[in-house]
Amino acid sequence: MNDRLKEKLSRIEPYVPGEQPKGTNIIKLNTNENPYPPSQRVLNALKEIDGKSLNLYPDFVCSELKQELGKLSGAKEDEIFLGNGSDEVLALCFKAFFNSETPVLFPEISYSFYSVWTEFFNIPYKCVPLKDDFHIDIEGFMCENGGIVIPNPNAPTAIAEGKENLIKIIENNPDSVVIIDEAYVDFSDKGSVADLIHKYDNLVVVQTYSKSRALAGIRFGFAYANSELIKVLEGVKNSFNSYTVNTVTKILAYESLKDRDYFNKTVEKIKKTRAKLIKGLDKLGFETLDSSANFVFTTKKNADCEALFEYLKANNIYVRHFNNPKIKNYLRITVGTDEATEALLEKIKVYFEEKS
């Protein structure tokens with residue numbers, strides 16, 4: 001390929017997802033997936049789907065699904081936006097709402113896709129450093145900006161901010177769209193801010209089925225916002241791809257919503273295992289941040305956590321390590337089953353015994 005042609009190609013540094021190992025006897029705790037299967041209602045519906053209908057385009061409106069989602073937040077149909085996973089929803093939000101020459105603000109340590117989208121859409125941005133305790137610096141968002149994105153709970157730190165802090169940011173930025181990315185909110189006791197969309201017309205709340213509902217494979221995400229913002233978002237979507245939610249996804253997403261009991265039981269089970277994981281890490285000398293997600297962020301002083309990451313991987317246990325200098329000695333560990341958690345803790349114990 002000649003140099004002049006190369007100059008015309010995109011140079012965007014893409015998002016790098018967690019490794020998806022193949023094989024058996026692997027403990028996979030690196031991508032924050034739910035360790036349990038979806039609701040039985042979902043599995044039953046999957047068996048009953050009429051494959052012959054797949055020759056038709058999917059439902060463009062998805063009214064029944066929006067009505068069920070609205071019951072969770074009090075949102076009306078025209079206050080809900082559906083997409084192919086929350087990643088797509090967020091990307092379309094960036095395109096729809098961030099069109100100023102003033103930088104968009106988001107935390108310095110947060111979901112790494114944010115900076116990818118700003119580069120992709122040529123959006124100026126500025127990262128706001130976290131506090132020393134890894135909480136979001138609320139005052140850092142009290143300045144002129146072209147928009148704000150706050151992941152709550154944050155990733156990879158797992159820390160959630162209370163509603164009062166998020167409200168401060170929303171109220172002090174009335175001329176900017178404030179996106180609260182709630183991918184992990186169902187594991188947090190701090191709660192969602194989706195009920196505030198009727199009070200603040202600059203608020204967009206994004207959620208996903210990939211974590212708490214154990215449906216990462218169907219790619220379904222959604223947003224709550226006032227109807228004017230949703231209308232703009234729909235316009236951007238329909239200029240890109242009108243049918244972002246496929247027929248199978250729509251059916252399975254609806255059935256998952258109808259099984260509230262299973263959802264609650266699964267979330268509580270993960271919370272209990274999270275507590276066991278943190279307690280086990282404490283006993284091994286780790287310092288773990290307060291987690292409001294289905295993962296923990298942990299470190300051990302006077303230890304090489306990157307070396308531990310490689311050791312675990314060599315022993316078929318996958319966790320996540322980031323090369324960011326500020327968090328280089330931390331590991332992000334997904335909350336798995338009790339059995340996976342016990343195996344992880346035992347292998348970490350063996351590692352340090354071998355090192356001593």
Side-chain angles (χ1 to χ4, degrees), residues 6-20 30-33 81-130 134 136 140-141 145-159 176-185 204-211 216-217 219-223 225 229 232-233 236-237 239-241 244 293 295 297 318-328 330 332 334:
K6 287 182 179 179
E7 289 176 2
K8 298 176 182 178
L9 304 181
S10 173
R11 292 186 177 87
I12 293 173
E13 193 70 31
Y15 168 75
V16 180
E19 191 171 351
Q20 295 287 357
N30 64 331
T31 50
N32 299 341
E33 293 149 324
F81 177 84
L82 310 180
N84 182 27
S86 62
D87 284 340
E88 181 188 69
V89 174
L90 285 162
L92 293 173
C93 283
F94 273 55
K95 183 62 177 174
F97 306 133
F98 300 156
N99 296 290
S100 137
E101 294 182 359
T102 310
V104 169
L105 307 178
F106 47 83
E108 179 184 21
I109 297 172
S110 64
Y111 189 28
S112 54
F113 229 142
Y114 299 155
S115 59
V116 174
W117 289 319
T118 54
E119 295 287 346
F120 186 77
F121 295 121
N122 294 313
I123 300 169
Y125 71 95
K126 176 184 175 183
C127 293
V128 178
L130 296 180
F134 286 101
I136 288 171
F141 293 88
N145 62 76
I148 292 174
V149 188
I150 303 287
N152 196 57
N154 194 9
T157 67
I159 292 176
S176 297
V177 171
V178 178
I179 298 174
I180 307 297
D181 180 359
E182 294 187 338
Y184 302 97
V185 73
V204 178
V205 180
V206 178
Q207 296 184 9
T208 179
Y209 267 41
S210 295
K211 315 300 180 185
R219 310 309 303 132
F220 180 69
F222 54 98
L229 290 181
V232 173
L233 198 49
V236 170
K237 182 200 77 170
S239 301
F240 172 71
N241 176 15
T244 58
F295 61 90
F297 202 52
Y318 286 73
V319 298
R320 195 81 191 267
H321 175 264
F322 300 90
N323 285 320
N324 184 312
K326 292 188 176 182
I327 55 174
K328 190 174 179 63
Y330 280 80
R332 193 194 72 186
T334 303

| Sub-4.5 Å side-chain heavy-atom contact between D181 and Y114 | yes
| field | Considering all heavy atoms, the nearest P151-I136 contact | value | O-CD1, 4.3 Å
| task | Say whether Y111 and D87, considering side chains only, have a donor N or O and an acceptor N or O under 3.5 Å apart. | result | yes
| query | ring-ring contact (aromatic ring centres under 6.0 Å, His included) with F94: which residues, sequence neighbours excluded? | reply | F98, W117
| Are the side chains of Y330 and P156 in touch, meaning some heavy atoms are under 4.5 Å apart? | no
| said: Go through it in stages, so that I can follow the logic: the residues are L92 and L233, the test is side-chain contact (heavy atoms from CB on, under 4.5 Å), and I'd like the CA-CA distance, side-chain angles, deciding distance and then a yes or no. | reply: CA-CA 7 Å; L92 293 173; L233 198 49; 4.0 Å; yes
| query | Mind checking whether K237 and F81 have side chains closer than 4.5 Å, heavy atoms only? | reply | yes
| field | Whether N154 side chain and I109 backbone form a donor-acceptor pair below 3.5 Å | value | yes
| said: To check you understand the geometry: which heavy-atom pair defines the closest contact between Y125 and S115, and what is its length? | reply: OH-CB, 3.9 Å
| Which atoms form the tightest heavy-atom contact between L229 and F97, and what is the distance? | O-CZ, 3.6 Å
| request: Apply side-chain contact (heavy atoms from CB on, under 4.5 Å) to the pair K328 and N323, showing each step before the final yes or no. | output: CA-CA 5 Å; K328 190 174 179 63; N323 285 320; 3.5 Å; yes
| task | First locate atom CD1 of I150, then atom CD1 of I180, and finally report the distance between them rounded to the nearest 0.5 Å. | result | 5.5 Å
| request: Would you check if there is a donor-acceptor pair between the side chains of S210 and R219 at a distance under 3.5 Å? | output: yes
| query | Would you say R332's side chain and N30's backbone share a donor-acceptor pair under 3.5 angstrom? | reply | yes
| task | Starting at CD1 of I159, measure out to CG of N152 and round the result to the nearest 0.5 Å. | result | 10.5 Å
| At their closest point, which heavy atom of F134 faces which heavy atom of K326, and how far apart are they? | CZ-O, 4.4 Å
| task | Any chance you could measure K211, atom NZ, to T334, atom OG1, to the nearest 0.5 Å? | result | 8.0 Å
| field | From CA spacing to verdict: side-chain contact (heavy atoms from CB on, under 4.5 Å), V104, I148 | value | CA-CA 6 Å; V104 169; I148 292 174; over 6 Å; no
| task | Check the side chains of T102 and N145 for a donor-acceptor pair under 3.5 angstrom, ignoring hydrogens and angles. | result | no
| query | Atom CD of E33 and atom CZ of F295: how far apart are they, to the nearest 0.5 Å? | reply | 13.5 Å
| request: Give, for atom CG of N241 and atom CG of N84, the distance between the pair rounded to the nearest 0.5 Å. | output: 8.0 Å
| note | Of all heavy-atom pairs linking L105 and G140, the shortest is CD1-O, 4.1 Å
| note | Nearest heavy-atom approach of P107 to V149 is CD-O, 3.3 Å
| field | Validation row: V89, F222 side chains within 4.5 angstrom (heavy atoms) | value | no
| Other residues, nucleotides, ligands: >12 heavy atoms within 6.0 Å of E101 CD | no
